[in-house]
Amino acid sequence: KSTTSYLSKIFDGMQDVLMSARQYGAIANLAKEQPRVARELLDNLINTGESFVAGYIAIIYENLSDIKIEDLHSEILTLLSHNEESVVQGAVIALGNLKYDIKNDKEIIERTLDVFDRLLADDSEPINQAIAYSLGELCYLSDKVKARLLDLSRKNNPQICFQISKFLF
């Protein structure tokens, strides 16, 4: 619990700082080097459901390399029904950050895009922002992904457009 409190303070202190992404580096290393400890932290973050957890959840999942992508994907999908929006955001970002193999993971990729479509229908601004980020990360997969990102840009939401602009420049 103290680690979770510490991460919350770091997150709060890094808001609006250009190097704010650096806060995730230590957690990424933890997930790679000490996956069991990272799992415990992940469970604590999910259980708190506080607003700062999304990025940390995503970075832990992204760096758990000892698990097959199919199992990791299934586990992340279960978080999409969590009652805390920040946990769902973390799961969406994690899905966008997975290392998909275009040839071997077609079914998983399609499931991911279907889930994004379903979540977009709920029209939650924070979730839509996370989806915009994830679609941007997944643009390399297909023109279908790029088309979804373009459709999302038509919502004319400044935060979503900001997420999309990161991938254009």
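In this text the structure is predicted, and so the values were computed from the model without any measurement. The residues of the chain are indexed from 1 along the displayed sequence.
- Residue pairs meeting the side chain to side chain donor-acceptor pair (under 3.5 Å) criterion with at least one partner in residues 83-95, sequence neighbours excluded, are Glu85-Ser124.
- Applying the salt bridge (charged side-chain N to carboxylate O under 4.0 Å, His left out) rule to Asp43 yields no partners; only residues at least two apart in sequence or on another chain are considered.
- Partners of Lys146 under the side-chain contact (heavy atoms from CB on, under 4.5 Å) rule, at least two apart in sequence or in another chain, are Cys139, Asp143.
- For Glu75, the salt bridge (charged side-chain N to carboxylate O under 4.0 Å, His left out) test picks out Arg39, with sequence neighbours left out.
- Contacts classified as salt bridge (Lys or Arg N to Asp or Glu O under 4.0 Å) and involving residues 123-135 (residues at least two apart or in different chains) are given here: Asp123-Lys155.
- With sequence neighbours excluded, the residues that form a salt bridge (charged side-chain N to carboxylate O under 4.0 Å, His left out) with Glu40 are Arg36.
- The salt bridge (charged side-chain N to carboxylate O under 4.0 Å, His left out) check on Glu33 picks up nothing, with sequence neighbours excluded.
- Listed by chain and number, the residues in a side-chain contact (heavy atoms from CB on, under 4.5 Å) with Ile69 are Leu98, Tyr100, Asp105, Ile108 (sequence neighbours excluded).
- Distance check, rounded to the nearest 0.5 Å: CG of Asp66 to NZ of Lys32 gives 13.0 Å.
- Evaluation of the side chain to side chain donor-acceptor pair (under 3.5 Å) rule for Asn29 yields no partner, not counting sequence neighbours.
- Residues forming a side chain to side chain donor-acceptor pair (under 3.5 Å) with Lys106 (at least two apart in sequence, or on another chain): none.
- Partners of Lys99 according to the side-chain contact (heavy atoms from CB on, under 4.5 Å) rule, which considers only residues two or more places apart in sequence or in another chain, are Glu62.
- In this structure Asp71 satisfies the side-chain contact (heavy atoms from CB on, under 4.5 Å) test together with Ile67, Lys68, sequence neighbours excluded.
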